[in-house]
Amino acid sequence: MPAHHSTTTGHGRRVRRTIKVCQVPDRIDWPGARQVAQLRRTRTIDGRKTVWGVVYLITSLDAHQTSPADLIQSHWGIKNRLHWVRDVTFDEDRHQLHTGHGPTLMTTLRNTAISLHRLTGTVNITTALKHHSRDPLRPLH
(Lines give C-alpha, C1' and ligand atoms only; values in the text may rest on other atoms or scores of the structure.)
Protein backbone atom coordinates (compact mmCIF):
# COMPACT_ATOMS: atom_id res chain seq x y z
CA MET A 1 0.00 0.00 0.00
CA PRO A 2 1.53 3.38 -0.93
CA ALA A 3 2.45 5.68 1.94
CA HIS A 4 2.78 9.45 2.06
CA HIS A 5 5.20 11.07 4.48
CA SER A 6 5.65 14.53 5.97
CA THR A 7 8.28 15.62 8.46
CA THR A 8 8.27 18.64 10.75
CA THR A 9 11.03 19.81 13.06
CA GLY A 10 10.98 22.18 15.98
CA HIS A 11 11.25 22.41 19.75
CA GLY A 12 14.16 19.94 19.72
CA ARG A 13 12.24 17.14 18.03
CA ARG A 14 11.42 15.77 14.61
CA VAL A 15 7.98 14.33 13.90
CA ARG A 16 7.36 12.15 10.86
CA ARG A 17 3.76 11.47 9.90
CA THR A 18 3.06 8.57 7.60
CA ILE A 19 -0.38 7.97 6.17
CA LYS A 20 -1.56 5.00 4.18
CA VAL A 21 -4.93 5.32 2.45
CA CYS A 22 -6.97 2.78 0.50
CA GLN A 23 -10.52 2.25 -0.69
CA VAL A 24 -12.85 0.67 1.85
CA PRO A 25 -12.70 -3.13 1.66
CA ASP A 26 -16.00 -4.94 1.05
CA ARG A 27 -15.91 -6.47 4.53
CA ILE A 28 -16.31 -3.04 6.19
CA ASP A 29 -19.99 -2.22 6.50
CA TRP A 30 -19.95 1.45 7.45
CA PRO A 31 -22.56 3.78 5.93
CA GLY A 32 -20.97 6.30 3.56
CA ALA A 33 -17.43 4.98 4.03
CA ARG A 34 -15.21 5.46 0.98
CA GLN A 35 -11.64 5.25 2.30
CA VAL A 36 -9.77 3.88 5.29
CA ALA A 37 -6.45 5.22 6.48
CA GLN A 38 -3.70 4.57 8.98
CA LEU A 39 -1.83 7.58 10.37
CA ARG A 40 1.42 6.81 12.19
CA ARG A 41 3.42 9.47 14.03
CA THR A 42 7.06 8.80 14.81
CA ARG A 43 8.88 11.26 17.05
CA THR A 44 12.66 11.59 17.31
CA ILE A 45 14.16 13.44 20.27
CA ASP A 46 17.93 13.38 20.90
CA GLY A 47 18.32 10.53 18.43
CA ARG A 48 15.73 8.32 20.14
CA LYS A 49 12.86 7.33 17.89
CA THR A 50 9.47 6.41 19.34
CA VAL A 51 6.11 5.70 17.76
CA TRP A 52 4.06 8.55 19.16
CA GLY A 53 0.71 7.28 17.99
CA VAL A 54 -1.14 5.19 15.44
CA VAL A 55 -4.63 6.30 14.41
CA TYR A 56 -7.07 4.52 12.11
CA LEU A 57 -9.59 6.55 10.14
CA ILE A 58 -12.74 5.90 8.15
CA THR A 59 -13.82 8.71 5.84
CA SER A 60 -16.56 9.45 3.33
CA LEU A 61 -14.10 11.28 1.02
CA ASP A 62 -13.61 9.90 -2.46
CA ALA A 63 -10.06 9.33 -3.68
CA HIS A 64 -10.16 12.40 -5.95
CA GLN A 65 -11.18 14.76 -3.10
CA THR A 66 -8.84 16.27 -0.48
CA SER A 67 -6.66 13.60 1.07
CA PRO A 68 -7.15 12.66 4.73
CA ALA A 69 -3.52 13.71 5.38
CA ASP A 70 -4.28 17.28 4.24
CA LEU A 71 -7.41 17.43 6.40
CA ILE A 72 -5.58 16.18 9.48
CA GLN A 73 -2.75 18.66 9.00
CA SER A 74 -5.15 21.60 8.52
CA HIS A 75 -7.12 20.55 11.62
CA TRP A 76 -3.96 20.75 13.75
CA GLY A 77 -3.13 24.17 12.32
CA ILE A 78 -6.53 25.49 13.42
CA LYS A 79 -6.27 23.85 16.82
CA ASN A 80 -2.74 25.13 17.45
CA ARG A 81 -3.70 28.65 16.39
CA LEU A 82 -6.56 28.72 18.90
CA HIS A 83 -4.51 27.25 21.75
CA TRP A 84 -1.60 29.60 21.11
CA VAL A 85 -3.90 32.64 21.43
CA ARG A 86 -5.48 31.24 24.58
CA ASP A 87 -2.11 30.38 26.14
CA VAL A 88 -0.16 33.51 25.17
CA THR A 89 -2.69 36.32 24.78
CA PHE A 90 -5.07 35.32 27.57
CA ASP A 91 -2.34 33.66 29.72
CA GLU A 92 -4.78 30.84 30.38
CA ASP A 93 -2.26 28.48 31.96
CA ARG A 94 -1.78 30.79 34.95
CA HIS A 95 -5.49 31.34 35.55
CA GLN A 96 -6.48 30.76 39.19
CA LEU A 97 -10.08 29.60 38.74
CA HIS A 98 -10.10 25.82 39.26
CA THR A 99 -13.43 24.82 40.84
CA GLY A 100 -16.99 24.20 39.73
CA HIS A 101 -18.07 25.40 36.31
CA GLY A 102 -15.73 28.42 36.41
CA PRO A 103 -12.93 27.01 34.21
CA THR A 104 -15.38 25.84 31.54
CA LEU A 105 -17.21 29.17 31.59
CA MET A 106 -13.98 31.18 31.25
CA THR A 107 -12.78 28.98 28.38
CA THR A 108 -16.12 29.47 26.63
CA LEU A 109 -15.90 33.24 27.07
CA ARG A 110 -12.32 33.33 25.76
CA ASN A 111 -13.24 31.19 22.75
CA THR A 112 -16.24 33.46 22.07
CA ALA A 113 -14.05 36.57 22.17
CA ILE A 114 -11.50 34.97 19.83
CA SER A 115 -14.21 33.78 17.43
CA LEU A 116 -15.91 37.18 17.29
CA HIS A 117 -12.60 38.86 16.51
CA ARG A 118 -11.82 36.29 13.81
CA LEU A 119 -15.29 36.76 12.25
CA THR A 120 -14.65 40.50 11.91
CA GLY A 121 -11.38 39.81 10.09
CA THR A 122 -9.02 40.54 12.97
CA VAL A 123 -5.58 39.07 12.43
CA ASN A 124 -3.87 40.16 15.66
CA ILE A 125 -6.05 39.30 18.67
CA THR A 126 -3.74 41.06 21.15
CA THR A 127 -3.98 44.38 19.32
CA ALA A 128 -7.77 44.04 18.99
CA LEU A 129 -8.18 43.32 22.70
CA LYS A 130 -6.12 46.39 23.62
CA HIS A 131 -8.13 48.50 21.18
CA HIS A 132 -11.47 47.38 22.63
CA SER A 133 -10.34 47.61 26.26
CA ARG A 134 -9.97 51.40 25.97
CA ASP A 135 -13.74 51.86 25.53
CA PRO A 136 -16.02 49.26 27.14
CA LEU A 137 -18.88 50.02 24.72
CA ARG A 138 -16.74 49.61 21.58
CA PRO A 139 -17.07 45.79 21.39
CA LEU A 140 -20.87 46.10 21.40
CA HIS A 141 -20.81 48.18 18.23
Side-chain angles (χ1 to χ4, degrees), residues 1-136 138-141:
M1 182 178 313
H4 300 279
H5 309 281
S6 70
T7 304
T8 56
T9 57
H11 306 286
R13 64 181 174 260
R14 185 178 75 225
V15 177
R16 179 181 172 105
R17 292 172 184 84
T18 304
I19 189 162
K20 297 177 182 179
V21 182
C22 70
Q23 296 300 316
V24 173
D26 292 335
R27 66 181 178 274
I28 295 181
D29 185 25
W30 191 281
R34 301 273 188 265
Q35 296 182 81
V36 292
Q38 177 196 56
L39 175 66
R40 180 185 192 93
R41 297 180 192 103
T42 306
R43 183 170 55 182
T44 305
I45 301 174
D46 295 329
R48 291 188 326 222
K49 187 185 294 188
T50 57
V51 174
W52 190 29
V54 178
V55 178
Y56 295 92
L57 310 153
I58 298 175
T59 180
S60 61
L61 292 174
D62 287 323
H64 65 278
Q65 291 176 311
T66 304
S67 75
D70 293 339
L71 290 174
I72 291 166
Q73 197 66 26
S74 67
H75 167 76
W76 282 109
I78 293 167
K79 184 178 171 87
N80 289 340
R81 190 169 132 196
L82 172 65
H83 285 284
W84 188 87
V85 170
R86 284 178 28 196
D87 290 344
V88 176
T89 303
F90 287 101
D91 200 17
E92 191 174 59
D93 290 341
R94 290 194 307 147
H95 199 270
Q96 297 296 311
L97 190 57
H98 298 290
T99 60
H101 296 289
T104 303
L105 176 63
M106 290 305 298
T107 298
T108 302
L109 291 172
R110 287 184 193 106
N111 286 343
T112 302
I114 293 167
S115 296
L116 289 173
H117 282 297
R118 297 273 187 230
L119 286 171
T120 61
T122 300
V123 177
N124 189 325
I125 300 294
T126 304
T127 303
L129 290 172
K130 287 178 185 175
H131 174 74
H132 290 297
S133 69
R134 292 186 184 105
D135 179 4
R138 191 178 288 158
L140 298 176
H141 298 295

- Query: Once you round to the nearest 0.5 Å, how far does CD of Gln23 lie from CZ of Arg34?
  - Reply: 9.0 Å
- Query: Atom CZ in Arg17, atom CH2 in Trp52: separation rounded to 0.5 Å?
  - Reply: 6.5 Å
- Item | Arg14 CZ: over 12 foreign heavy atoms closer than 6.0 Å | no
- Task: Not counting sequence neighbours, list each pair that qualifies as a salt bridge (charged side-chain N to carboxylate O under 4.0 Å, His left out) and has a residue in residues 113-122.
- Result: none
- Separation between CG (Leu116) and OG1 (Thr122), nearest 0.5 Å, reads 9.5 Å
- Is the backbone N or O of Leu97 less than 3.5 Å from a side-chain atom of His95, with the two atoms forming a donor-acceptor pair by type? yes
- Find out whether Thr127 and Lys130 are in side-chain contact, i.e. whether some heavy atom of one side chain is under 4.5 Å from a heavy atom of the other. no
- Within-4.5 Å side-chain heavy-atom neighbours: His117 and Leu129: yes
- Do Gln96 side-chain atoms and Arg94 backbone N/O form a donor-acceptor pair below 3.5 Å? yes
- Value rounded to 0.5 Å, distance of CG in Leu109 from CD1 in Ile114: 11.0 Å
- Item | Sequence neighbours excluded - ring pair (Phe, Tyr, Trp, His ring centres under 6.0 Å) pairs with any residue from residues 16-41 | none
- Note on the structure: From the list Arg40, Gln38, His5, side-chain hydrogen bond (donor to acceptor under 3.5 Å, both in side chains) partner of Thr18 resolves to His5
- Flag yes if more than 12 heavy atoms outside His98 fall under 6.0 Å of its NE2 atom; otherwise flag no. yes
- Task: Could you tell me the separation between the OG1 atom of Thr108 and the NE2 atom of His101, rounded to the nearest 0.5 Å?
- Result: 11.5 Å
- Message: Any side-chain to backbone donor/acceptor pair from Asp46 onto Arg48? Under 3.5 Å, distance only.
- Response: no
- Item | Results of side chain to side chain contact (heavy atoms under 4.5 Å, CB included) for Thr107 - residues two or more places apart only | Arg86, Glu92, Arg110, Asn111
- Task: Hey, could you give me the CD1/CD distance between Ile28 and Gln35, rounded to the nearest 0.5 Å?
- Result: 12.0 Å
- Item | Atom CG of Asp135 with >12 non-hydrogen neighbours under 6.0 angstrom | yes
